[in-house]
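Since the structure comes first, as structure tokens, the remarks are kept for the end.
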Number of protein chains: 2
Amino acid sequence: MPRQKSPKNGRVGSSARMRDVAKRAGVSAMTVSRALKEPSKVSPEMLERVLNAVKEIGYLPNHLASSLSSNRSTTIGLIVPSIDNSIYTQTVKGLSDVIKRSGFQLMIAESGYDTNEEEELITAFLTHRVSGLVLHSTEHTPQAIQKIKKAEVPVVENGNIPAQPLDMVVSYSNHDAAYAMTMHLGRLGYKNIAFASLHSTHNDRSRDRLAGYHHALRDLGLEPNPKLIVETSRGLAAGAEAVTRVVHSVPEVDALFCAGDVLAVGALFECQRRGWSVPDRIAIASFDDVDLLRHVSPTVTTLRLPRYDIGERSGQMLLSRIIDGAEHLRGSVVDVKFEVIQRESA
Amino acid sequence: MPRQKSPKNGRVGSSARMRDVAKRAGVSAMTVSRALKEPSKVSPEMLERVLNAVKEIGYLPNHLASSLSSNRSTTIGLIVPSIDNSIYTQTVKGLSDVIKRSGFQLMIAESGYDTNEEEELITAFLTHRVSGLVLHSTEHTPQAIQKIKKAEVPVVENGNIPAQPLDMVVSYSNHDAAYAMTMHLGRLGYKNIAFASLHSTHNDRSRDRLAGYHHALRDLGLEPNPKLIVETSRGLAAGAEAVTRVVHSVPEVDALFCAGDVLAVGALFECQRRGWSVPDRIAIASFDDVDLLRHVSPTVTTLRLPRYDIGERSGQMLLSRIIDGAEHLRGSVVDVKFEVIQRESA
DNA sequence: GACAATATTGTTACCGGTATCAAAATCCAC
DNA sequence: GTGGATTTTGATACCGGTAACAATATTGTC
């Protein structure tokens with residue numbers, strides 16, 4: 001009779017093991033495992049005995065052991081540039097809502113718009129054996145790319161449509177969106193359209209937006225003017241500053257396209273302080289449809305980007321790959337729709 | 001000579017194991033483990049050989065195996081009522097910044113202000129063997145409490161100062177904060193102070209805020225008037241609605257304390273639409289110092305709650321318990337400071 | 001009622017690390 | 001140079017599950 005295998009005396013009262021449940025139910029550990037994971041493979045009476053024992057003992061399965069043994073985990077890693085930026089939180093929520101339904105857990109980390117930081121986080125996630133990754137970025141270090149390829153983990157990139165996707169992509173095109181809004185302003189008759197962007201993020205998203213702006217100017221037959229391009233930082237104050245600077249260098253400016261964050265609101269407040277009529281003195285357009293833009297006066301013309309949907313779609317595709325092994329999704333690029341929302345400010 | 005123990009043919013190219021590194025470096029697996037975890041316990045030349053082998057093979061340690069074997073994990077679970085509410089994201093960032101430095105990972109989930117949902121998430125986190133929990137809530141189901149106690153996991157509660165803490169607490173007092181702001185309004189001479197709160201969250205936080213408001217009225221010698229209390233939903237529109245409703249039922253109202261979310265901004269916009277002067281016709285005060293409140297005109301009087309600090313402090317205390325076994329922290333309650341920020345709106 | 005097919009349960013080895021203790025190497029003082 | 005203390009390395013069992021296969025029970029068919 002093999003006595004207690006583990007002579008460990010310090011077993012914490014906390015964690016009952018599967019074999020404890022098994023003993024209590026008078027079955028083997030394997031039957032317990034099956035009862036919990038594939039109830040259909042177990043006879044009804046066994047199932048009941050096991051479930052009772054689980055409840056009596058207060059057994060909590062150990063996901064670490066389970067994942068290690070079965071070589072599959074139920075965690076998904078998400079890396080966003082910034083955790084406290086409302087732009088990303090909607091996407092996070094979309095993703096969270098989807099994967100929660102499948103019993104997956106989300107590991108979230110923040111890269112601070114830094115690809116080296118991102119690489120470290122990817123490494124950390126891989127050591128935790130996440131079964132999928134969502135990267136709200138389309139720029140990565142070569143090492144990061146290599147590690148991901150080697151780990152053979154499905155990945156979704158968000159935030160832009162990259163020229164060379166890592167794997168799957170769900171995003172709008174920053175180029176196309178900026179192009180659409182600039183064209184919209186041009187068709188409304190504005191001739192001196194300024195462009196404000198965030199200098200803190202010299203990434204492909206900013207560059208593509210700027211390219212879209214230039215592309216639209218060309219198609220509109222307008223002369224690009226470097227003085228109409230303002231780089232600024234984040235926040236309401238920065239939006240105000242953008243107005244000040246562009247008006248100072250180009251007094252005849254008649255429209256300002258704020259391509260990021262809440263810049264447009266800051267710009268609008270600055271115009272109100274100056275007593276300027278928007279859009280008569282200067283039109284204002286924004287990039288993201290934050291709630292606020294509908295409630296200020298005048299209401300602000302902007303782009304509607306389906307940020308929640310992007311998270312949701314990303315989650316669905318990732319889970320299809322992980323759970324159903326949907327290999328046909330490998331490398332697919334979903335270019336989601338956006339639309340220009342015309343309001344009072346332009 | 002024991003040949004390859006595992007006859008498994010389908011080893012994915014992805015994951016080299018510690019023993020692969022060991023073989024390459026010509027040492028035992030145990031030496032590799034020590035070289036990576038406790039380099040001081042290994043001779044310099046061994047260390048170098050191991051690190052080279054790690055690099056050559058591209059070895060990524062397996063945290064699942066490590067945690068299982070050592071019976072300690074490096075993940076921390078965080079449950080917030082809502083992922084996309086900016087109020088919580090600052091706390092999340094504070095926590096994230098701290099634990100990232102220690103190499104811990106954050107698992108984040110959203111309870112939707114529902115204690116049953118919270119219980120499920122707590123269970124899920126415990127199956128993942130998180131080494132600590134942060135709950136942005138102070139109300140829990142009895143089962144949730146029981147599971148946490150049984151698992152013997154350190155916990156930090158945020159969001160309020162509960163009468164009966166689960167373990168550690170880092171928060172401001174909702175009662176005291178609402179009391180302070182109401183007293184402030186009273187001392188400024190306002191007599192008919194209305195109170196707007198969120199009906200969607202019938203939790204202890206809302207109740208304590210209301211209690212603080214009543215307490216202050218009593219101390220100010222003001223008669224409480226049920227008609228001055230408005231319950232509303234979230235968002236800017238709700239703030240506007242609060243103004244409309246309270247003015248309709250109590251025309252002589254001279255101050256509105258918006259105890260949540262961005263209600264105050266919505267209320268302010270509504271006043272602007274009506275052409276009312278703030279604070280002459282009606283004063284407005286808010287509960288949280290969101291950036292916006294400093295940029296609208298008039299600027300809005302509010303409370304400054306150290307939300308980032310709360311996350312930071314929570315992380316520090318949790319890590320002390322986990323890493324240093326700082327048992328003296330068990331049950332400690334940190335009542336963080338807040339302050340009234342007087343601006344133009346009151 | 002006999003036998004093959006199927007469903008149910010159990011046994012054993014292993015997932016990839018680490019705790020523990022034993023063995024070997026190195027150090028130090030006298 | 002010797003013996004004991006200390007440091008460095010290794011062998012082995014085990015963490016708590018599951019895959020794979022074996023053993024047993026049940027079912028269906030003619």
Side-chain angles (χ1 to χ4, degrees), chain A residues 2-12 14-23 25-50 54 57 59-74 126-129 151, chain B residues 2-12 14-23 25-50 54 57 59-74 126-129 151:
Chain A
R3 53 182 170 70
Q4 184 65 11
K5 249 187 175 177
S6 152
K8 192 172 183 179
N9 52 357
R11 162 155 299 285
V12 282
S14 57
S15 53
R17 297 158 303 173
M18 204 172 246
R19 52 193 88 161
D20 301 326
V21 177
K23 181 183 278 185
V27 300
S28 72
M30 205 52 230
T31 300
V32 176
S33 176
R34 280 192 276 254
L36 297 176
K37 289 278 162 77
E38 302 171 293
S40 71
K41 301 225 160 202
V42 152
S43 68
E45 64 258 53
M46 282 295 167
L47 182 57
E48 199 193 326
R49 272 160 65 185
V50 169
V54 165
I57 293 190
Y59 168 71
L60 278 185
N62 186 330
H63 247 92
L64 299 176
S66 171
S67 298
L68 176 61
S69 178
S70 65
N71 197 27
R72 67 185 133 249
S73 83
T74 56
L126 291 179
T127 67
H128 280 276
R129 296 299 188 266
Chain B
R3 53 183 170 69
Q4 184 65 11
K5 250 185 172 177
S6 152
K8 191 173 185 181
N9 52 355
R11 163 156 300 285
V12 280
S14 58
S15 54
R17 298 158 302 173
M18 204 170 248
R19 52 192 89 163
D20 301 326
V21 176
K23 181 183 279 184
V27 299
S28 73
M30 205 51 230
T31 300
V32 176
S33 176
R34 278 192 277 254
L36 297 176
K37 288 280 162 77
E38 302 171 293
S40 71
K41 301 225 162 201
V42 152
S43 68
E45 63 258 56
M46 283 294 168
L47 182 57
E48 199 193 326
R49 271 161 65 185
V50 169
V54 164
I57 294 190
Y59 169 71
L60 278 185
N62 187 329
H63 248 91
L64 298 175
S66 170
S67 298
L68 176 61
S69 178
S70 66
N71 197 29
R72 68 186 132 249
S73 82
T74 56
L126 291 179
T127 67
H128 280 276
R129 296 298 188 265

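In this text, all values refer to a predicted model and were calculated from it rather than measured experimentally. Order of the sequence lines fixes the chain letters, A, B, ..., with proteins taken first and strands second; residue numbering starts at 1 for each chain.
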Please tell me if [X] has a side-chain N or O lying less than 4.0 Å from either OP1 or OP2 of [N].
X: Ser67(A); N: dC15(C); value: no
X: Thr31(B); N: dG10(D); value: yes
X: Ser70(B); N: dT18(C); value: no
X: Arg17(A); N: dT18(D); value: no
X: Ser66(B); N: dT18(C); value: yes

On DNA chain D, compare the nucleotides closest to Ser40(B) and Ala65(B); which residue's is nearer the 5' end?
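The residue whose closest nucleotide sits nearer the 5' end is Ser40(B).
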
Nearest-nucleotide 5' precedence on DNA chain D, Met46(B) against Leu60(A)
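The residue whose closest nucleotide sits nearer the 5' end is Met46(B).
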
Nucleotide of dA11(D), dG17(C), dG17(D) approaching Met30(B) most closely (side-chain heavy atoms)
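Comparing dA11(D), dG17(C), dG17(D) against the side chain of Met30(B), the answer is dA11(D).
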
Atom [atom1] of [X] and atom [atom2] of [N]: how far apart are they, to the nearest Å?
X: Arg34(A); N: dT18(D); atom1: CZ; atom2: C1'; value: 10 Å
X: Leu68(A); N: dG17(D); atom1: CG; atom2: P; value: 12 Å
X: Arg19(B); N: dG17(C); atom1: CZ; atom2: P; value: 8 Å
X: Arg72(B); N: dC15(D); atom1: CZ; atom2: C1'; value: 12 Å
X: Lys41(A); N: dA7(C); atom1: NZ; atom2: C1'; value: 9 Å
X: Glu48(A); N: dT9(C); atom1: CD; atom2: C1'; value: 18 Å
X: Asn71(B); N: dG17(D); atom1: CG; atom2: P; value: 12 Å
X: Asn62(B); N: dT18(C); atom1: CG; atom2: C1'; value: 12 Å

What are the two closest heavy atoms between Ile57(B) and Ala16(B), and how far apart are they?
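Ile57(B) and Ala16(B) have their closest heavy atoms at CG2-CB, 3.3 Å.
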
Indicate, yes or no, whether a donor-acceptor pair under 3.5 Å links the base of dG17(C) to the side chain of Ser69(B).
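Present.
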
Does the dG16(D) base have a donor-acceptor partner in the side chain of Arg129(B) within less than 3.5 Å?
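Answer is no: no donor-acceptor pair is held.
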
